There are 2 protein chains.
Amino acid sequence: MTTQDDRATVGAMHTVTMSDVAERAGVSSATVSRVLNGNYPVAQATRDAVNRAIEDLGYTANAHARALASSATHSVGIIVNDLVDPFFSYIVRGVEQEASATGRLCIVAASQGDVDREIDLIDRMISQRTDAVIVVGGGYDDPRARRRMAERARTLAGIGSTLVLCGRPSVGEQAPTKIVGYDNEGGAFAVTQHLIAQGHRRILYLGGPIGLSTSVARLAGFRRAMQSHGFEVPPDLVHQGAFGRRFGHTAMGEILDGNPQITAVFAANDLVAAGALDAMTARGVRVPEDISLVGYDDIPQSSELTPKLTTVHVPLEDMGRESVRLALSRTDDAFGRHADGEIIVGTRLVERESVAAPRATPWAPGR
Amino acid sequence: MTTQDDRATVGAMHTVTMSDVAERAGVSSATVSRVLNGNYPVAQATRDAVNRAIEDLGYTANAHARALASSATHSVGIIVNDLVDPFFSYIVRGVEQEASATGRLCIVAASQGDVDREIDLIDRMISQRTDAVIVVGGGYDDPRARRRMAERARTLAGIGSTLVLCGRPSVGEQAPTKIVGYDNEGGAFAVTQHLIAQGHRRILYLGGPIGLSTSVARLAGFRRAMQSHGFEVPPDLVHQGAFGRRFGHTAMGEILDGNPQITAVFAANDLVAAGALDAMTARGVRVPEDISLVGYDDIPQSSELTPKLTTVHVPLEDMGRESVRLALSRTDDAFGRHADGEIIVGTRLVERESVAAPRATPWAPGR
DNA sequence: TTGAAAGCGCTAACAA
DNA sequence: TTGTTAGCGCTTTCAA
C-alpha cells in the first residue's frame, strides 16, 4: 500500500508517468492533468482518486514535458560574475526570493567576467526558455559585445522572454531590454563632495577594472566633483585595477610606501576599501585620523569594519527583486504607451566612521 | 540576409524550430539534429548548409524538447539555506564550477532553513529531472524529515539521478544517497585541544542553532576534548542560538556583561566569531591578550579580521565540486563492488593570531 | 465533468 | 550519409 511497496511491485524501474496515474485512477490522462493544474472543474470523487493514485505511485510531473506542451517554464535565469562576491550574491538572493515567490526556479551561472562566456550563458538560458534572463554587473563598452547582447535581447523578446540589464548600462535604444540601475556617477559625486566638504583635496581614487562601465561611471563622478571645486585629479592619484579585496590591499600598500601625501581614499567599492583598510592598519595608518576612507555599495560587511565604513548605499537585494518583477510585468506595449522598462533605484550616502577632517600635514611613511 | 531582415520577413512571430531550419537547409530535421549534436557523420556540405540556416534563422534549440526526447537534462540542482552566507556561497561556487565544466546548468534555490520548503524544493528539482540534487548544510535530526528525505533519494535514484548530502549527515543506511562531508566533531575536538594546550580551562562555547546536526557535532567535539582532560563544561558556558554574525555579537555582548570569567571562546563558526570579536572589541576586550577566540569553517574573511582568526579549515569550494563529481560518477553497483558513495574531505586547524595563553586573572567587565 | 486526439520540438531507431 | 517514423510526457482544444 505504501509507495515503497508499490515500487517494489512494479519490478523493472520505469519512470511513473501521467498515464500510469490515469490508469491506476481509472481516468484519462487529461483528467489527471486537470486535477494537477486545477484549472478545470473535476468531480471531487475523481479528484480524490487521482490524488490517491499520484500518492501511491509517487508520481512527480516532468517539468520538461510540461514546458514543451504549455510553453511555460516557470524559471528565470541570472548571470553574474562571481557568486561569492557580496555585490552579486545579494542581488542573486533578491532574484531567487522574487522568483520563488512567483513559483519560479532560478538558473544561475557565473561568467567570471568573461564576455564570451556571458554570451554563451545567455544562449543556454534562451535554450531553457526562461521567463527572463538577468545579466548583472558592469560591462565593457565594446561595440561587438553590445551588438551581440542586443541580438540576444531580440531573440528573447521573440520568445516572449525579457533580457534584464541589472546594474549594467543599456546596449542601445533599439534593443528590447529592461533595465534596473542606479546612479553610479551621482553616488560617486556625492561621496566625493562629502570628502571635499571635510577639507580633503588630495584624494586617491582606488580600484575598479579599467573600462568596466561601473568603474568608468564612478571615476567620472569623482572627477566631476573634484573639478566642480576646481581641484585637480593628478594621474598618479587614480589607481584602477580590480574590484576585489586583494587588489585594495596590495595596491594601497604600494601606494602608501610611495609616500603619496594623500589625506583621503575613495575606494571604487567596499571590498577594495576593506583591503585598503587592512593595508593602512598594517602600516599604522589610522583611519580616519591619518587618512579618511570611503567605499561604494554598502555591502553589510562594511558596517562591521573597524572603523565602520562611510560608503554609498546601493539596495542590492531590491535590485534583484525588481529585476524579476520588471521582467515579469507584461507591459503590453501593443496597446498604447508601455510602462517604463527601466527602474533606477535610489542610492544614498551612508556616513559612518571612516571619514574625518584631514590632518594638518598628510601622513607619511616611516612614522 | 541578416538575422534581423529574415525575422522581419517572417511576419507573425513564430518560434524558430528545427523543422524551420531543416526546410531552409533543404534537409530533414533528423539531419539538423545530427549536425547539432555531432554524434553522427554528416557530409560537410550538408553541415554547412544547416549551419547557415541556423545562423540565418537565429535558431536556438529548445532544451525542454531535447530533455524530453533524450531524457538528458544537463543540469544539477542545489539547495542551500542562504545564498549570501559565505559557507553556502563558496559551496555553490564549487558546484557551479564543476557543473559548468561538465556542460551543465545549475538550478539553485534557498530553503531559508525551512525543512518543508527544502522538501518542496527537492520535489521541484525532481520535476526538473536534474542529474543530481545537492542538499547543503546541517539538518535537524527529525525522523519524519529523514524519512521524507530518504523517499526523495529513492525517487531520484529511480530516475537515474542522485541525492547528494553535502555537509549533512546520512538520512539512513537504506537511502540511496551520496555524501560529501567532513569531520565536524574531530575538527571541534582539535581546536578545543589547541585551546586547552595553551592553558585555557574556562572556555565559552558560542553559537549554532540548537539541534542542527552541524551544531551538535561541533559541540560534541568540544565536550569530548574538555572531558578527555577532566575539565567540566558548565551549562552556563554553552550558549547556542544561531550561526550568524549578529548572534555572535549580541550573545557575546550579553555574556561579557555578566562577567563570565572566561579566558577563551569557541565560536561555532567564523561568522559567530566575527560577531563576538566585534562585541569584545567594543568593550575593550583585547583578543587574544584578554580572551582567546577560535572559529570554524575558515571562510576567507577570517584571515582578514583583526586579529586574524584561528579556526578550522573546511574546503568549501572543493566540497561543492566533489558533490557534483560524486553524483555524476556512475558507480555501476550492478557490477561488483561499487565505489564508495561517500567522500570525507580533510579538515585542519589553522593557527593564526586569535589565540594566546590565558591571563593570570580572567578578564572582567568595568575595566 | 470527462475522454479522444492532436500536437509541443526534439532524438533515435530503423531503413534506405 | 540521409530520411522516415515513432515516440518522450504533458496540455489543450473539441466533442460528448
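None of the values given here were measured: they were computed from a predicted structure. Below, read A as the first sequence line, B as the second, and so on, with proteins coming before strands; counting in each chain starts at 1.
Under the 3.5 Å distance criterion, with hydrogens and angles disregarded, a donor-acceptor pair is assigned to the side chains of A:Glu317 and A:Gln97. Using modelled atom types, one finds a donor on one side chain and an acceptor on the other under 3.5 Å when comparing B:Ser100 with A:Arg117. A:Ser33 and A:Asn37 share a donor-acceptor pair across their side chains, judged by distance under 3.5 Å alone.
Distance from the side chain of A:Val42 is smallest to C:dT2 among D:dT2, C:dG9, C:dT2. Closest contact between the side chain of A:Asn37 and the listed nucleotides C:dG9, D:dT11, D:dG9 involves D:dT11. Proximity note for A:Ser70 (side chain, C-beta onward) versus C:dA4, D:dC10, D:dT12: the nearest is D:dT12. If you check D:dT11, D:dC8, C:dA4 against the side chain of A:Ala69, the one that comes closest is D:dT11. Taking only side-chain atoms of B:Arg66, from C-beta outward, the nucleotide of D:dG9, C:dT11, C:dT1 with the closest atom is C:dT11. The nucleotide whose nearest atom lies closest to any side-chain atom of A:Ser33 is, among C:dA12, D:dG9, D:dT12, D:dT12. Comparing atom distances between the B:Arg34 side chain and each of D:dT1, D:dT4, C:dG9 picks out D:dT4 as nearest. Here the side chain of B:Thr31 is nearest to one of D:dT2, D:dG9, C:dC10, namely D:dT2.
Counting non-hydrogen atoms under 4.0 angstrom, A:Ala30 reaches a base of the nucleic acid. Contacts of B:Ala61 with the nucleic acid, taken as non-hydrogen atoms under 4.0 Å apart, involve only primed sugar atoms and P, OP1 or OP2. Among the protein residues, A:Ser71 comes within range of no part of the nucleic acid, since none of its heavy atoms lies under 4.0 Å from any strand. Within the 4.0 angstrom heavy-atom criterion, only backbone atoms of the sugar-phosphate kind lie near A:Val27; the bases stay farther away.
Crowding of A:Gln174 atom CD: a count of heavy atoms from other residues, nucleotides or ligands under 6.0 Å not exceeding 12.
Residue order along DNA chain D, read from the 5' end via each residue's closest nucleotide, puts B:Gln44 first among B:Leu68 and B:Gln44. Of the two residues near DNA chain D, B:Ser29 and B:Tyr40, the one whose nearest nucleotide lies more 5' is B:Tyr40.
The pair B:Arg147-B:Glu151 does not meet the salt-bridge criterion, since no charged nitrogen lies less than 4.0 angstrom from a carboxylate oxygen.
Rounding to whole angstrom units, CD of residue B:Glu23 and P of D:dG3 are separated by 13 Å.
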